[in-house]
Each structure stands twice: as structure tokens, then as C-alpha cells.
Visitor: 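Have a look at this one.
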There are 2 protein chains.
Amino acid sequence: MNVQFKKGVLTLCVLVLTLQKDRYGYELVHTISEKFLIAEGTIYPLLRRLTKEGYFTTYLVESNEGPPRKYYQLTDIGQEYADELIQEWKEFSLGVNQLIEEGILNEQK
Amino acid sequence: MNVQFKKGVLTLCVLVLTLQKDRYGYELVHTISEKFLIAEGTIYPLLRRLTKEGYFTTYLVESNEGPPRKYYQLTDIGQEYADELIQEWKEFSLGVNQLIEEGILNEQK
DNA sequence: TGCACTATTATACATTGCAAGGTACTGTGG
DNA sequence: CCACAGTACCTTGCAATGTATAATAGTGCA
């Protein structure tokens, strides 16, 4: 999958998934990778950045399947940011789809 | 509009628009900007890169509204690349939209 | 003990959109 | 005649972010 498509959209995906419930990094990697492949080296720096910017708080929970999991919980401004990104994504993807439809419909043979 | 969303998608947009007919840079900037704002400093280097990679051939046409226009015409491999990117975009945006729908539907209040 | 799986962290790199700056042509109004 | 707006192109350096790669470490099983 085109690497560049993912730029910026990953932030959206992470925020959207944490709307449902608190998540830990490894879980996010695998859930998102069901839709399109992402690397661990992508998620962890992103989570740290979003936490630093105040969109997440974190807490550790012991796991019996490995080292303790760091859970990420959305803050209020994290929720606002999620809503904002969702709205922007919808407008953006609509615009792109319109261009594609117009492009294909009027395509010269 | 979120800058990061555009990464890679601009290439798609430029290719899609040239499926219809040959275009020149200034025209592409304004046509795409109807959907979401882009800068001239983005388009010209992009066109140059795509041309260098063999997706476009170019020719100049005199204009009575200013300097000559450099038109970009898709090559065969340019068309193939366009089809490929369109397909990838569709799968990608579908995946993102599914995550968003699931995220919002199951959102905790 | 060794291995597979889970889980986190850090560093260096490549790609690409943008701001800011520049050149140059045409037509219009003062 | 000259200033200006609009058209049209180009270049440079910067910022953002996904990735590869690697290191670290806990658990449970053969």
C-alpha cells in the first residue's frame, strides 16, 4: 500500500480507535494493520507525540502474555481533535473521490 | 486542510485530471484547489518528478494571456500508474472509513 | 535452555507538501 | 508611459511523518 497515503491518516485512525475504548500500542498496530499494513516503529513514536501534545493520558496494566501494556486514554482535547480530523478527512476524501469520478467519466479513449 | 492528508494523494489527483485531457501546471493548481488548497510550489516540483519518471511528456503552447503554457500529457505507463493509484486509493479510503464508522458507532459516552 | 510471542523504545532515513522567493509575459487604467 | 493585476513558470530549504532496523525485556512452552 502506498506509504504516502498513510501520512497523517494514521493519527486519525489511532484517535478513532481510542474513541471506543482505551488501547495499547501493540493492539493498535494489529487492529489498523487489518485495513492496511503499518509498522511498530510507526505507532510508538506517534503515540508518544500525541501524548506529549495532550491528546492522551497513559497508564500501565500488567499482562500475563508479556511485559505490561501501556494503555492510551483520550483526553477531552483528544476527543475534540478526533472529531476535527474525522470531519476534515470526510471533506478531503470526498474532494478526491469527486476528482476521480470526473476524471474517469470524462476520460479520453 | 490537514497538510498530511495530501501526501501522495496529490500525485493521484494530478494523474487523474490528465486522464481527461492534457493540462498545464497553473491549471492543475487551480482545478485541484477547488477541492482543497494546494500551492504552486507543490505542483511544479511534482510535475517535474513525474515527467522525469516517465509518466508525462510535455510540450509548450503559446498563450495570449501570459507566458507559454507547458502542457503535460500522460504516457502509457502514466496511465497504468494512474489506474494503480486509483485502485489503491479506493481500498485505502474504504479501510479508513470502516475504522471511522466502527469507531463512532461503538463510541463510549 | 532455547524459542516464539507479546510489548515497548530509540535512531537514522526517505518522501513530499509548503513557504518564500524569483522571472517574465499580457492587458488595463491613470 | 508606467504601475499594477493576472497569468504562468521555476527553485531552494524546511518541516512533518512513516519506515527500517535494532535493542530490550517479560511470558510460557518444548
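What you see is a predicted model, and the numbers here were worked out from it, not measured in a lab. We name chains A, B, ... by the order of the sequence lines, and we start the count at 1 in each one.
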Visitor: Students often get this wrong, so: under 4.0 angstrom with heavy atoms, is A:Gly25 touching a base, only sugar-phosphate, or nothing?
Guide: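 Sugar-phosphate: the residue A:Gly25, judged by heavy atoms under 4.0 Å, touches backbone atoms but no base.
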Visitor: For the residue pair A:Lys6 and A:Leu37, what are the closest heavy atoms and their distance?
Guide: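 Minimum heavy-atom contact is NZ-O, 2.6 Å.
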Visitor: Check the phosphate of D:dC9 against B:Tyr24, side-chain N and O only, distance under 4.0 Å to OP1 or OP2. Yes or no?
Guide: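 For D:dC9, OP1/OP2 do not have a side-chain N/O of B:Tyr24 under 4.0 Å.
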Visitor: With clusters defined by side-chain heavy atoms of hydrophobic residues (ILVMFWY) lying less than 4.5 Å apart, directly or transitively, does A:Leu94 cluster with A:Leu85?
Guide: no
Visitor: Are A:Lys35 and B:Glu102 close enough for a salt bridge, meaning some N to O gap below 4.0 Å?
Guide: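 Yes, A:Lys35 and B:Glu102 are salt-bridged.
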Visitor: Rounding to a whole Å, what distance do you find between B:Leu47:CG and D:dA8:C1'?
Guide: 13 Å
Visitor: Does B:Tyr26 place a side-chain N or O at less than 4.0 Å from the phosphate oxygens OP1/OP2 of D:dC9?
Guide: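 B:Tyr26 to D:dC9 OP1/OP2: no side-chain N or O under 4.0 Å.
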Visitor: Can you check whether any acceptor in the base of C:dC25 is under 3.5 Å from a donor in the side chain of B:Glu65, or vice versa?
Guide: no
Visitor: Write down the distance between CD (A:Glu62) and P (D:dG28), rounded to a whole number of angstrom.
Guide: 11 Å
Visitor: Could you give the CZ-to-C1' distance, from A:Phe36 to D:dT19, as a whole number of Å?
Guide: 14 Å
Visitor: With under 30° as parallel and over 60° as perpendicular, where do the rings of B:Tyr55 and B:Tyr81 fit, or are they tilted in between?
Guide: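 Rings of B:Tyr55 and B:Tyr81: parallel, as their planes differ by under 30°.
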Visitor: Which nucleotide in the list C:dT16, C:dT8, C:dG17 gets nearest to the side chain of A:Glu40?
Guide: C:dT8
Visitor: Hey, are B:Lys70 and B:Glu27 close enough for a salt bridge, meaning a charged N less than 4.0 Å from a carboxylate O?
Guide: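 Judged by the 4.0 Å cut-off on N to carboxylate O distance, B:Lys70 and B:Glu27 do not form a salt bridge.
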Visitor: DNA chain C: A:Gln4 or A:Pro68, which has the more 5' nearest nucleotide?
Guide: A:Pro68
Visitor: Do B:Trp89 and A:Asn97 meet the criterion of a side-chain donor-acceptor pair at a distance under 3.5 Å?
Guide: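 Indeed, the side chains of B:Trp89 and A:Asn97 share at least one donor-acceptor pair under 3.5 Å.
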Visitor: Taking atom P of D:dA8 as reference, at what distance in whole Å does atom CD of B:Glu27 sit?
Guide: 9 Å
Visitor: Within less than 4.0 Å of OP1 or OP2 of D:dC9, is there a side-chain N or O belonging to B:Arg69?
Guide: no
Visitor: For B:Ile38 and C:dT16, give me the distance from atom CD1 to atom P, rounded to whole Å.
Guide: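 About 15 Å, once rounded to whole Å.
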Visitor: Nearest-nucleotide wise, let me know which of A:Leu46 and A:Pro67 is further upstream toward the 5' end of DNA chain D.
Guide: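 The 5'-side residue here is A:Leu46.
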Visitor: Tell me whether the OP1 or OP2 atom of C:dC18 has a side-chain N or O from B:Lys6 closer than 4.0 Å.
Guide: yes
Visitor: Below 4.0 angstrom from OP1 or OP2 of D:dA8, is there any side-chain N or O of B:Ser63?
Guide: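 Checking B:Ser63 against D:dA8: at least one side-chain N or O falls below 4.0 Å of OP1 or OP2.
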Visitor: Side chain of B:Lys7 only, heavy atoms from C-beta on: which candidate in D:dA15, C:dC18, C:dC25 is closest?
Guide: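 Of the options given, the side chain of B:Lys7 lies nearest D:dA15.
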Visitor: Could you tell me whether the phosphate oxygens of C:dA10, OP1 or OP2, come under 4.0 Å of any side-chain nitrogen or oxygen in A:Arg48?
Guide: yes
Visitor: Do the side-chain N or O atoms of A:Tyr44 get closer than 4.0 angstrom to the phosphate oxygens (OP1, OP2) of C:dT8?
Guide: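 Checking A:Tyr44 against C:dT8: at least one side-chain N or O falls below 4.0 Å of OP1 or OP2.
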Visitor: Over how many whole Å does the gap from A:Tyr71 atom OH to C:dT8 atom P extend?
Guide: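 Distance check: A:Tyr71 OH to C:dT8 P gives 9 Å.
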Visitor: Can you tell me the distance, in whole Å, between the CG atom of A:Leu12 and the C1' atom of D:dT17?
Guide: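 Rounded to whole Å, this separation is 15 Å.
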Visitor: Look at the side chain of A:Lys70 against the base of C:dT8 and say whether a donor-acceptor pair falls under 3.5 Å; ignore hydrogens and angles.
Guide: no
Visitor: Between C:dT16 atom P and B:Ile43 atom CD1, what is the distance in whole Å?
Guide: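 It is 13 Å, rounded to the nearest whole Å.
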Visitor: Select base, sugar-phosphate, or nothing to describe what A:Thr11 touches, counting heavy atoms under 4.0 Å on all strands.
Guide: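 Nothing, no heavy atom under 4.0 Å.
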